[in-house]
Each structure stands twice: as C-alpha cells, then as structure tokens.
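Here's the structure we're looking at; comments come further down.
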Amino acid sequence: MEKVVAKQKDGLGTRATIQKFGRFLSGMVMPNIGAFIAWGFITALFIPTGWLPNENLSKLVGPMIVYLLPLLIGYTGGKMVYDARGGVVGAVATMGIIVGSTQPMFLGAMLMGPIGGWAIKKVDEAFEGNIPAGFEMLINNFSAGIVAGVLAVLAFVGVSPIMLGITAALSAGLAAVVNAGLLPLANVFIEPAKILFLNNALNHGILSPIGMEQAAKAGQSVIFLLEPNPGPGLGILLAYWFAGKGSIRQSAPGAIIIHFLGGIHEIYFPYILMNPRLLLAVIGGGVSGTLTFQALGAGLVAVPAPGSIFALIAMSPKGGLLAVLAGVAVATAVAFFIASAILKMSNQVADEDELVQATAKVQELKGNKVEVTQTVSKKVNKVVFACDAGMGSSAMGATILRKKFKEAGIDIAVINTAVNELPSDADIVITQRTLTERAKTKLPTAEHISIENFLNSPEYDQLVKRLS
C-alpha cells in the first residue's frame, strides 16, 4: 500500500514538474502572441504569394521574424526571472544569439532570455548591501551593461553554434517524420496531453518555435495545426449533443460556442473525463485531421491563439483556406462518429452533477483547489482574474462574474489579465492555486482567492453575496 501511495505521489510530482516547466516555456511566448499574429497577417498579405502582394511592405517580414519576435521572447523570459531589469539583460543576451545565427532563433531566445535574467539577479544579490551611498545608480547601470555585454558575446561565440546544431537536428528529424508520413501519429500524444494541461508546454514551448522556423522558409507550417485544431473537441461536444443522455446533453451547445468560436478548448475536457474512453475519439479525430492537413498541403503562416476557428481562418495563407477547413471538418467528423458510438454503447446517463465532478477532476489534474489565501476589509473597486496568458480561462471567469455582478446591481470593474501583469489597483485577485503564490508576490496587498473551476465556482456567488 505504501508503495502504491509513493508511486502516486511520484506521478503527481512528475506531472506538476512538467506542468510548471511547460508554463514557464509558454509564459515566454503567450504574452507575445499578438506580435506573432501581426507578423502572420503581414506575411499572409504582402509576400509575393500573399493576398495583397506588396514589395515594399513585404520588407517588414524578415526583420520581424529575425529580430523582433526572438527579442520579445528573450525580454519576456528575462522579465519572468527578474522583472524589467532581467528582461533588458535577457534581450541583449538574445541579440548575441540572433546575430550569431543564420536563421530565426526562437529556441535560442527561450534559453538566453531566462539566463540573462538569472545572471543579473545573482549579480544584484552579490552587490546588495555592499554599494557605497551615492553610487547605486552607477553600479546598477554598469553591472547590468557588463553582464548583458558578456552574455551577448558568449551567445554569439559559443551558444549560437550549439543552438544552430540543435535546431538543424530538430528540423531534420521533423522532416524525416513528415516524409515518412508519420506526423499524424503526434496526435496520439498531443490529445491526451491536452487533458493533462500539457498543451502549453507542447504547443508554445516546442511546436510553435519549430513551426516559426518552417514558416520563415516556406511561408507556412502544418505544425501550427497540430495542437490548436478545434475539430476533435468539437466532435466530442457534438456527440454529447446528439447522442448523449441526461441533462448534460443540454450543456453541449453552449460549450460548442465557447470551444469552437471562442477557442477555449479547456471547456470540453470534463466531457472526456466523464467517459475516458472518449480519448479514442479525440485521438482518432486528431490523427485523421493531421493526415488530411498533410495530404492537402495545409499550413498556417503563424501560431493561432486561442485555438478558435476564426484564428485558424485568419492565419491561413492565400489559397490554403479550404485545406485547413477540410482538416478541421475531417477531425470533427471522425471524433463525432467514434464518440457517438462510445456514448451509445456505454448506456451512461450523465447529469450536471457528474459534469461538475468531472470539471473538478480537470482542475485537480491541473493542480487547483479552492482556497482564500488572504482576506482584506477595504472597499472593492476592481476584481481581477489572472491566468498564465490572461486570455483563456481567466477571460471566461471574468465574463461569468461580470454578468453576475450586473444581475446583482454591483458596480465593480471585473477584468482579466496575465498573472505577471497584475494591475497595482486590483483589490481582489482570483487565480488557480498553482498561480496564487506568483500573484501574491506580484501584488501582496490584494485579497487572493484560488478557485477550482472558472466555469462554475461557488465562490462567485459567495463573492456576489458579500459585495452586495
């Protein structure tokens, strides 16, 4: 029995470690998604094969992907480690690896950015308490400049060749997988990983940088379609709507809108956890969708975020929209038919309570539980929902609470943001438990509430009652 418990704890520890690492990787990319999308729009419109070819405006494409996007990642990575000071050093260190390479250095930026932040943090800790009065600004500025310069040179001379080798190996391996027709098998791992909330680690930490390398050379990449494809999740929800039983069937249409149009895939995870055999459906949908993408030569010009059908359409290259839509449709159909068969064979009557329990299971997998970490008794003017990127689950929670406030006649601002961008005037901060410590460090004066489920949390009604 003790061995079983030990194994379970080890499993939870491993999963938590992977999730934490994934959040760190995606945390460097997700705040900059707007820049990636801007580059994608400019590329799709103005390159010679774009929607509106323009020789002058197409000059923006190269510098943005070579310099701007890696520098943003490097700055964000350094800032995550040591705020703006770490961000500046991380950006300079990233510049060294950019100039020392012959291709866009996204993976290199994800390495040098955090290293820059860590290095200046350690230097500041060494100087703390040892700087003569009046020399603080001089020493702080020169220490940052020296550390940044040294790291830039090291990145140019030593790190760039290593990262070029790693990138070349990854590209060659990916090309071999694509040429062998094995790329669809990636979804065998991607779809279950999404249920365990490893999607950010896979998509923004690994797949997106590789996809950007491909897009820089070929103008598009099928890699951008592996994880964001909304087809498998849509098939699951459609199956519950048409073949499901019990009151849970009535919740599927609303979930479809949130998932397919809003791009929040998290909404369909509880439906799978109610019947784990449905993993076969999303895997089947993912594999068939990627197979269709590959067969039709589909790809996107940049990473779509969130994974909404609108984002996929916007990032589709000229002449490639039908191929993208065909892959989504095939994935939806395959997932729908497999899921429908499973639901009919299971004879399971699902109700709202079961969905709530499954949703709680999702949050358990994500490492969340309900807790109020601090309570303050001051006038509340602003409630802030925070998550990693500030545009997924936090946006959903903010919308729900905003509606409840309106119905109760409560005139309090409710916004959503990334946990690293918490506004100083927030009175109440609502986060997932794994992010609460980061939120408290960022804004210790606020009331911090950790909740279990952004979609349906009793804390919403408690907060409404309290503030009424």
Side-chain angles (χ1 to χ4, degrees), residues 19-20 23-24 26-34 75-76 79-84 87 197 200 204 258 262-267 305-306 359 362-363 366-468:
Q19 288 174 339
K20 185 177 180 180
R23 286 194 181 101
F24 186 79
S26 64
M28 286 184 270
V29 178
M30 294 184 74
N32 301 306
I33 286 295
Y75 176 84
T76 305
K79 186 179 180 182
M80 288 172 65
V81 176
Y82 196 48
D83 208 16
F197 286 87
N200 285 336
H204 297 296
I258 294 172
I264 301 175
H265 293 198
E266 179 175 79
I267 192 74
T359 304
V362 168
Q363 300 303 325
K366 198 170 182 179
N368 305 327
K369 67 180 182 181
V370 179
E371 62 177 20
V372 179
T373 60
Q374 177 184 355
T375 302
V376 294
S377 56
K378 62 180 181 180
K379 180 175 173 57
V380 177
N381 296 307
K382 180 179 288 187
V383 178
V384 179
F385 280 80
C387 64
D388 277 319
M391 58 184 179
S393 53
S394 62
M396 201 161 40
T399 300
I400 294 171
L401 186 60
R402 198 178 294 120
K403 182 179 179 182
K404 287 181 177 291
F405 276 9
K406 184 177 180 180
E407 292 172 349
I410 300 175
D411 186 20
I412 295 176
V414 181
I415 66 170
N416 57 282
T417 184
V419 69
N420 288 331
E421 304 296 333
L422 284 172
S424 59
D425 59 345
D427 300 302
I428 297 177
V429 178
I430 303 175
T431 56
Q432 299 150 356
R433 182 179 63 84
T434 52
L435 296 178
T436 300
E437 288 305 315
R438 281 170 58 187
K440 288 175 65 179
T441 301
K442 188 74 177 177
L443 197 63
T445 58
E447 174 184 347
H448 291 268
I449 302 175
S450 292
I451 63 174
E452 190 173 87
N453 174 16
F454 273 116
L455 288 175
N456 183 23
S457 176
E459 281 66 37
Y460 296 161
D461 293 329
Q462 293 172 11
L463 190 59
V464 168
K465 182 178 181 181
R466 190 181 102 195
L467 297 178
S468 295

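- Here the CD1-NZ distance, from I410 to K465, works out to 12.5 Å after rounding to the nearest 0.5 Å.
- Nearest approach of G397 to Y460, heavy atoms of both residues: CA-OH, 3.6 Å.
- Smallest separation of non-hydrogen atoms from A426 and V429: CB-CG2, 4.1 Å.
- Side-chain atoms of K442 and V419, non-hydrogen and from C-beta on, never get closer than 4.5 Å to each other.
- N381 has its side chain out of reach of D425: every pair of non-hydrogen atoms, C-beta onward, lies at least 4.5 Å apart.
- Taken to the nearest 0.5 Å, the CE atom of M80 stands 12.0 Å off from the CG atom of D83.
- From L401, atom CG reaches atom CD1 of I415 across 12.0 Å, with rounding to the nearest 0.5 Å.
- In this structure, CZ on F385 lies 13.0 Å from OG1 on T417, to the nearest 0.5 angstrom.
- The minimum heavy-atom distance between P423 and K382, with the atom names listed, is CG-CD, 4.3 Å.
- Evaluation of the side chain to side chain donor-acceptor pair (under 3.5 Å) rule for K404 yields D461 as partners, not counting sequence neighbours.
- Under a 3.5 Å cut-off, the side chain of H448 and the backbone N or O of L443 do form a donor-acceptor pair.
- Using a 4.5 Å heavy-atom cutoff, the side chains of I428 and I412 are not in contact.
- Interatomic distance, K379 NZ to L467 CG, rounded to the nearest 0.5 Å: 10.0 Å.
- Considering every non-hydrogen atom in both R402 and N416, the closest pair reads NH2-OD1, 4.4 Å.
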